[in-house]
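For reference, the structure discussed in these notes is given below.
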Amino acid sequence: MYDRDRAIEILTKHLETEYLVRHSYAVEAVMRSLGKKFDPEREKLWAITGLLHDLDADLVDYRAHPELHGPRAIEILREEGFGDEVMYHAIMAHNKCTKTPIKSPLDRAIYAADPITGFINAITLVYPDKKIEKVKVKSITKRMHETRFAAGADREAMWSIEELGMDFRDFAELSLNAMKEISGELGL
Ligand SMILES: [Fe+2]
């Protein structure tokens with residue numbers, strides 16, 4: 001049902017931009033860890049939702065039609081015969097512009113995991129050798145309050161993990177560790 005090889009096949013067929021593919025792997029890793037914690041029986045669903053959430057990012061003109069980011073991905077997944085309604089709803093809900101309500105812990109998790117990967121990426125690039133192994137949880141919590149740093153990173157979305165009863169600090173630590181595990185794939 002949530003076959004990773006098939007998901008990667010679909011992803012790489014439709015998404016070509018390298019940093020977006022890397023971002024997809026980063027969100028997958030964070031979502032797998034969150035799934036283990038909040039919904040262990042459906043860990044694969046959480047991971048694959050993370051992997052595929054930006055599937056349509058090369059195909060949709062986000063500036064002109066931000067509301068199509070999500071629906072287009074689901075069209076593709078239906079055509080490919082992959083995924084289910086739970087996954088589709090979470091992919092829709094990760095983009096505010098679709099006006100899809102966040103209903104489940106899975107929806108909340110992808111909404112928060114999406115921006116934190118880019119945020120950790122930006123923090124890593126500040127280090128002289130640009131290596132994620134040097135990044136500390138404290139630099140993430142500190143940078144959250146520096147609004148001019150990575151100004152585009154949606155703080156509100158990242159903080160909202162607390163609605164799952166998880167401290168932001170723990171979320172930062174989980175995300176950092178998940179990304180460190182695949183640092184090679186992420187080029188960090
Ligand atoms: Fe994303």
Side-chain angles (χ1 to χ4, degrees), residues 2 4 7-8 10-35 44-77 80 82-83 86-102 104-125 132 140 143-144 149-161 163-164 168 171-172 174-176 178-179 181-183 185-188:
Y2 307 122
R4 185 171 188 261
I8 289 175
I10 295 168
L11 182 75
T12 48
K13 181 169 153 192
H14 300 277
L15 192 69
E16 288 182 350
T17 305
E18 198 189 346
Y19 83 85
L20 287 170
V21 174
R22 286 181 168 174
H23 166 69
S24 302
Y25 287 125
V27 177
E28 178 197 22
V30 174
M31 287 296 288
R32 181 177 293 112
S33 293
L34 287 170
K44 280 189 182 169
L45 162 67
W46 284 50
I48 299 296
T49 301
L51 184 66
L52 295 176
H53 79 285
D54 274 347
L55 173 64
D56 60 8
D58 274 339
L59 307 169
V60 168
D61 180 350
Y62 193 80
R63 288 196 178 188
H65 288 289
E67 76 285 357
L68 297 181
H69 174 46
R72 183 75 190 92
I74 287 148
E75 249 173 52
I76 295 168
L77 291 171
E80 299 277 0
F82 192 85
V86 182
M87 182 188 292
Y88 300 164
H89 187 273
I91 290 175
M92 288 287 286
H94 102 275
N95 176 16
K96 273 189 237 180
C97 302
T98 65
K99 299 196 165 64
T100 306
I102 290 174
S104 67
L106 173 67
D107 301 344
R108 174 58 63 198
I110 185 77
Y111 184 70
D114 184 17
I116 203 166
T117 60
F119 193 60
I120 292 173
N121 207 80
I123 292 168
T124 305
L125 298 183
I132 195 169
I140 304 173
R143 293 286 192 184
M144 281 295 274
F149 177 81
D154 188 343
R155 264 74 170 174
E156 173 268 325
M158 291 188 261
W159 287 125
S160 80
I161 199 71
E163 294 191 20
L164 293 184
F168 177 78
F171 176 50
L174 174 148
S175 303
L176 181 61
M179 287 176 68
E181 271 176 39
I182 57 156
S183 57
E185 278 169 76
L186 302 179
L188 293 173

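Both counts, for ligands and for their atoms, begin at 1 and track the order of listing. Below, all heavy atoms of this structure are taken into account, side chains as well, without hydrogens, waters or symmetry copies.
- With sequence neighbours excluded, the residues satisfying side-chain hydrogen bond (donor to acceptor under 3.5 Å, both in side chains) with H14 are E80.
- Here CG of D154 is found 9.0 Å from CG of D114. Values are rounded to the nearest 0.5 Å.
- Between the side chains of H89 and T100, no donor N or O sits under 3.5 Å from an acceptor N or O.
- Shown here are the ring pair (Phe, Tyr, Trp, His ring centres under 6.0 Å) partners of Y25, two or more places apart in sequence or in another chain: there are none.
- A salt bridge links E156 to K96: at least one charged side-chain nitrogen sits closer than 4.0 Å to a carboxylate oxygen.
- Residues satisfying the side-chain hydrogen bond (donor to acceptor under 3.5 Å, both in side chains) test with E67, not counting sequence neighbours, are H65.
- Counting only protein N, O or S atoms, the number found under 2.8 Å from the Fe ion (ligand 1) is 4.
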